[in-house]
Amino acid sequence: MIWNKDLRKRLFAALSSIRELRYLSIDFGQSDAFLNEEVPHPPFRCPALLVSDIREELESSDKELDRYRLTFTLKLIVDDARFATQGAPDAHIEAYDDSLLLSDAVTERVHALIPEIVLLARNEAQLKDSLRQLNITFTLVRRV
């Protein structure tokens, strides 16, 4: 198996070295109560990074080796309360650009930890109010 305690610990150690992150966790639905308006504020500080959608599947099997594919998504949640239009003051637009740089830093840390991992997708979603979520999805195939 690819996803195990050792990989989780090494991944969290690598990601926790990003000093801008204020919260790092496995995604246990921390934002659901906020999105469903059950609580007035998210139960974490932004920027937050949640490890989510962890899937490991047997891709192929032969007599001696099995190949497994691990796929997971890092949900980077940022609060961009100030960015409204391209006409916004430069400092507000730069705050949006900072979230993209943070996304790049996350990607770089994961690649440094696991060089053979592949960035599968990056996309953005508006959550609620000024919260945005940048989804960074990786995949890795290993013979076990």
Side-chain angles (χ1 to χ4, degrees), residues 1-39 41-86 88 90 92-144:
M1 302 301 272
I2 304 170
W3 184 257
N4 56 37
K5 179 180 178 179
D6 178 59
L7 178 58
R8 181 195 51 78
K9 287 176 77 172
R10 291 186 305 119
L11 178 64
F12 273 59
L15 295 172
S16 67
S17 70
I18 302 172
R19 63 180 176 82
E20 294 88 355
L21 290 176
R22 308 290 294 259
Y23 184 85
L24 175 61
S25 177
I26 298 286
D27 185 0
F28 294 110
Q30 291 93 322
S31 60
D32 295 345
F34 172 68
L35 295 175
N36 294 331
E37 300 185 5
E38 296 168 12
V39 296
H41 305 287
F44 48 78
R45 296 180 69 189
C46 290
L49 190 65
L50 303 175
V51 181
S52 183
D53 303 325
I54 303 164
R55 291 187 314 273
E56 189 167 345
E57 304 169 310
L58 179 65
E59 188 169 80
S60 66
S61 182
D62 61 34
K63 290 181 179 180
E64 296 179 23
L65 294 172
D66 294 332
R67 285 180 12 146
Y68 285 88
R69 176 177 299 275
L70 171 67
T71 305
F72 62 92
T73 298
L74 299 178
K75 294 180 178 179
L76 177 60
I77 302 173
V78 295
D79 190 351
D80 284 337
R82 302 174 298 172
F83 185 71
T85 68
Q86 182 57 35
D90 288 343
H92 295 199
I93 295 170
E94 288 171 11
Y96 172 80
D97 293 339
D98 288 346
S99 66
L100 297 178
L101 291 174
L102 187 53
S103 170
D104 289 343
V106 167
T107 302
E108 289 169 9
R109 291 298 197 300
V110 173
H111 277 126
L113 177 66
I114 313 166
E116 67 272 22
I117 201 163
V118 174
L119 174 63
L120 197 59
R122 271 187 5 172
N123 58 58
E124 293 184 37
Q126 186 68 31
L127 292 181
K128 181 180 169 186
D129 299 332
S130 59
L131 289 185
R132 279 186 318 110
Q133 179 173 302
L134 290 83
N135 297 313
I136 311 164
T137 303
F138 295 94
T139 189
L140 173 67
V141 175
R142 282 212 175 132
R143 296 174 193 260
V144 179

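Numbers here are sequence positions counted from 1.
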Q: Give the minimum heavy-atom separation between T107 and I136, together with the two atoms involved.
A: OG1-CG2, 3.7 Å
Q: Any side-chain heavy-atom pair from R122 and L134 closer than 4.5 angstrom?
A: no
Q: Taking the side chain as everything from C-beta on, heavy atoms only, tell me whether T73 gets closer than 4.5 Å to Q133.
A: no
Q: Could you tell me the separation between the CG atom of L49 and the NZ atom of K75, rounded to the nearest 0.5 Å?
A: 11.0 Å
Q: Is there a donor-acceptor contact under 3.5 Å from the side chain of E56 to the main chain of I2?
A: yes
Q: Provide the closest heavy-atom pair for A13 versus S16 in the form atom of the first, atom of the second, distance.
A: O-OG, 3.0 Å
Q: Taking all non-hydrogen atoms of both residues into account, name the closest pair between D27 and S52 and its distance.
A: OD2-OG, 3.2 Å
Q: For P47 and L76, work out which heavy atoms get closest and say how close.
A: CB-CD1, 4.3 Å
Q: A side-chain contact here means heavy atoms from C-beta on lying under 4.5 Å apart; do K9 and D6 qualify?
A: no
Q: Using the six-membered ring wherever Trp is involved, compare the ring planes of H111 and F138 and label them parallel, tilted or perpendicular (cut-offs 30° and 60°).
A: perpendicular
Q: Mind checking whether L15 and V106 have side chains closer than 4.5 Å, heavy atoms only?
A: yes
Q: Is any side-chain heavy atom of N135 less than 4.5 Å from a side-chain heavy atom of D53?
A: no
Q: Which atom names give the shortest non-hydrogen contact between F12 and I26, and what distance separates them?
A: CZ-N, 3.7 Å
